[in-house]
Amino acid sequence: MSGDAFRAALRREPAPHTPVWFMRQAGRYMAEYRAIRAKASLLEICHRPELACEVTLQPVEKIGVDAAIIFADILLPFEPLGLGLTFTAGEGPAIAHPIRTRADVTRLKPVDPDTDLGYVLDAIRLAKRALNGVPLIGFAGAPFTLASYAIEGGSSRNFAETKTLMYGDPETWHALMDRFATMVGEYLAAQGRAGADALQLFDSWVGCLSPDDYRRYVLPHSRKAIALAKAGGVPVIHFGTGTSAFLDLIAAAGGDVIGVDWRVSLDDAWRAFPDRGIQGNLDPCALFAPMNELTARVQDIMAQANGRPGHIFNLGHGILPTTDPGKARAVVDLVHERSAAPV
Ligand code: CP3
């Protein structure tokens, strides 16, 4: 059972083969997803558990990955918080009421994941049943990455507004981060209770910080979120990009498995946290390379992991919308072939 491989790797136990899944594996690169998206907006799919469940299953069936990730978005909690969330085609997320002052933080509404985000928990329960033993990953945005969207009002290139608040009004910064840490930790714990087999914290943009800023402004809050998430006993995968300069600090936040991108080699990363699992780290653009080059890159990652228990093969960041699903399938097959124990 391929589910055994993922569950074993989460515990750093020997697995029948290296498990593999892809961040953002349910999405626009798949015709099956686009067909549903033609009838419903991103938020509608998220809000309707039967649609979210259907999309969650697509890459398991089509690409053959060892785990599913529940279809949702890290920004969904912005709706009950009262920040006003919309997605616009081509431009990404837009937040109607960005946070800039202490009063903006005070105005945030309390969020109870069981009721305010109950539709995600319902989707998890549905998908869990439909997956028939294939592991299901729940997820949330990490406090820093969420704060960056809440403050900037959308996506950002240099995080100037985020750092303006962080450096200029550290008290408000920490108040906001503490709110988000509690909310995210409780939300992840609720996803674990609903049936998720692992919980991934996405700190997608944390690599814009220096190690010292990470330690001062982010680490205590990510640590709190992870501790709350882990209270139910479900393992936590802590993912970030651009973190090679402070992998020790990322590990100090407490995740069971650390997700890294292609800017760091797996063996260097593992030296920084020998007592954790590791997830990664193929460049998503490697899927645009010719098959012989892609194969060499997959093999190189397998060689770095060297059969060590606790490796979950993944990309270093989300799969890109222009990816050929056939190439994604080829990577899954390659990882399975190259890691299968001889019989
Ligand atoms: O991985 C999966 O298959 C589950 C689904 C998933 C989505 N978002 C659905 C989605 C996951 C895990 C996410 C996480 C997410 N959302 C992150 C962290 C991961 C990362 O890539 O860094 C972030 C930063 C977001 C916020 C977000 N959502 C942005 C910036 C955008 C617009 C940019 C884009 O890719 O279009 C989204 C939209 C979004 N979320 C889409 C999907 C499938 C694409 C839009 C659509 O289908 O209309």
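Excluded from the calculations below are hydrogen atoms, water molecules and symmetry mates; all remaining heavy atoms, backbone and side chain alike, are included. We count ligands from 1, going down the list as the structure has it; atoms in each ligand are counted the same way.
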>> R102 vs D169, test: salt bridge (charged side-chain N to carboxylate O under 4.0 Å, His left out). Steps then yes/no.
In response: CA-CA 9 Å; R102 186 60 182 241; D169 187 354; 5.7 Å; no
> At a 4.0 Å threshold, what atoms of ligand 1 neighbour a non-hydrogen atom of G92?
Replying inline: 32 (C)
> F246 vs Y214 aromatic rings, parallel, tilted or perpendicular, using cut-offs 30° and 60°?
Replying inline: parallel
> What protein heavy atom is closest to atom 3 (O) of ligand 1, reported as residue, atom name and distance in Å?
Replying inline: A26 N, 2.7 Å
>> Please list the nearest protein heavy atom to atom 8 (N) of ligand 1 with its residue and the distance rounded to 0.1 Å.
In response: D73 OD2, 3.1 Å
>> Among all the protein's non-hydrogen atoms, which is closest to atom 38 (C) of ligand 1, and how far away is it?
In response: L42 CD2, 3.5 Å
>> Rounded to the nearest 0.5 Å, what separates atom CZ in F239 from atom CG in L201?
In response: 11.0 Å
>> Show me which atoms of ligand 1 lie under 4.0 Å from any heavy atom of F87.
In response: 28 (N), 37 (C), 38 (C)
>> Students often mix this up, so state it plainly: with edges at 30° and 60°, are the rings of Y167 and Y217 parallel, tilted or perpendicular?
In response: perpendicular
>> D324: which residues meet the salt bridge (Lys or Arg N to Asp or Glu O under 4.0 Å) condition with it, sequence neighbours left out?
In response: none
> Between S204, S41, G318, which one has a non-hydrogen atom sitting closest to atom 18 (C) of ligand 1?
Replying inline: S204
> If you measure from atom 11 (C) of ligand 1 to every heavy atom of W205, F139, F71, which option wins on shortest distance?
Replying inline: F139
> Without hydrogens or angle criteria, can the side chains of W205 and Y149 be said to hold a donor-acceptor pair below 3.5 Å?
Replying inline: yes
> Can you name the closest pair of heavy atoms from R276 and R12 and give their distance?
Replying inline: C-CD, 3.3 Å
> If you measure from atom 47 (O) of ligand 1 to every heavy atom of W21, Y29, Y33, which option wins on shortest distance?
Replying inline: Y33
>> Checking D267 against S265: is there a side-chain donor and acceptor pair closer than 3.5 Å?
In response: yes
>> With the threshold set at under 4.0 angstrom, would you say I70 reaches ligand 1 through any of its heavy atoms?
In response: yes
>> Quick test: of every protein heavy atom, which one is nearest to atom 25 (C) of ligand 1, and how far off is it to 0.1 Å?
In response: I74 CG1, 3.5 Å
> Which residue holds the protein heavy atom closest to atom 35 (O) of ligand 1, what is that atom called, and what is the gap in Å?
Replying inline: R28 NH2, 2.9 Å
> For residues E161 and S156, is any side-chain donor paired with an opposing acceptor at under 3.5 Å?
Replying inline: no
>> Between E293 and R297, does any NZ, NE, NH1 or NH2 come within less than 4.0 Å of an OD or OE carboxylate oxygen?
In response: yes
> Among protein heavy atoms, which lies nearest atom 31 (C) of ligand 1, and at what distance?
Replying inline: P93 CD, 3.9 Å
>> If the contact criterion is a heavy-atom separation under 4.0 Å, does Y149 count as touching ligand 1?
In response: yes
>> Side chain, backbone, both or neither: which applies to A72 and ligand 1 if a contact is any heavy-atom pair less than 4.0 Å apart?
In response: backbone
> atom 20 (C) of ligand 1: which protein heavy atom is closest, and how many Å away?
Replying inline: H317 NE2, 3.2 Å
> Any idea which protein heavy atom is nearest atom 41 (C) of ligand 1, and the distance to it?
Replying inline: R24 NH2, 3.5 Å
